[in-house]
> 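Handing you a structure now.
Note that this is a predicted model, so its numbers are computed, not measured.
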Amino acid sequence: MKLEDAHRLYVYACNAYEAINGKNSLEGTPYLFDPLHPTVEDFLHATQVYNYMVKRRWKFTQHTGPIVLDGEEIQLIY
């Protein structure tokens, strides 16, 4: 998969998150990957996390513990 395609999926997931939690609700939230050097895997992984949160109607402000997806703890980058 190309980086552009992975980025597009990521943007769709971000839009879905904001559709549930309000416009600009991702402002001030931690990054799920290095924003300066993202990879295809980074975008796909972040997409999976956002889709998981949308499905459960979670917000970053509501979730204080670690995010665990398929047995893997997600590291947040502030």
Side-chain angles (χ1 to χ4, degrees):
M1 177 177 285
K2 293 181 187 177
L3 186 63
E4 296 83 19
D5 296 332
H7 180 261
R8 188 175 305 116
L9 291 174
Y10 171 72
V11 169
Y12 290 151
C14 289
N15 289 339
Y17 181 92
E18 289 189 334
I20 297 294
N21 297 308
K23 186 170 174 64
N24 301 323
S25 57
L26 285 173
E27 285 186 17
T29 60
Y31 289 101
L32 300 175
F33 53 86
D34 178 1
L36 299 178
H37 304 99
T39 64
V40 169
E41 292 77 22
D42 289 337
F43 281 132
L44 294 178
H45 190 254
T47 298
Q48 187 179 19
V49 170
Y50 283 132
N51 287 337
Y52 184 85
M53 292 179 79
V54 165
K55 189 185 304 184
R56 286 158 182 75
R57 303 243 190 257
W58 284 356
K59 288 184 180 181
F60 277 106
T61 56
Q62 292 174 315
H63 191 74
T64 56
I67 297 174
V68 178
L69 184 63
D70 294 334
E72 176 189 347
E73 185 175 329
I74 308 303
Q75 297 297 318
L76 303 177
I77 302 170
Y78 291 91

> Over all heavy atoms of both residues, which pair between A6 and T47 is shortest? Give the atoms and the distance, please.
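So the two residues come closest at O-OG1, 4.5 Å.
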> Keeping N15 on the side-chain end and Y12 on the backbone end, is there a donor-acceptor pair under 3.5 Å?
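Side chain of N15 to backbone of Y12: no pair is present.
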> Of the non-hydrogen atoms in L3 and P38, which two are nearest, and what is the gap between them?
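Smallest interatomic distance, heavy atoms only, reads CD1-O, 4.1 Å.
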> Would you give the length of the straight line joining atom CE of M1 to atom CD of E41, rounded to the nearest 0.5 angstrom?
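The CD atom of E41 is 10.5 Å from CE of M1, to the nearest 0.5 Å.
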> Over 60° means perpendicular and under 30° means parallel, so tell me whether Y10 and Y50 are parallel, tilted or perpendicular.
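Y10 vs Y50 ring planes: tilted.
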> Would you compute the distance between atom OG1 of T39 and atom CG of D42 and round it to the nearest 0.5 angstrom?
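One gets 3.0 Å once the value is rounded to the nearest 0.5 Å.
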> Going from CZ on F43 to CG on L32, what distance comes out if it is rounded to the nearest 0.5 angstrom?
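Taking CZ in F43 and CG in L32, the distance rounds to 11.0 Å.
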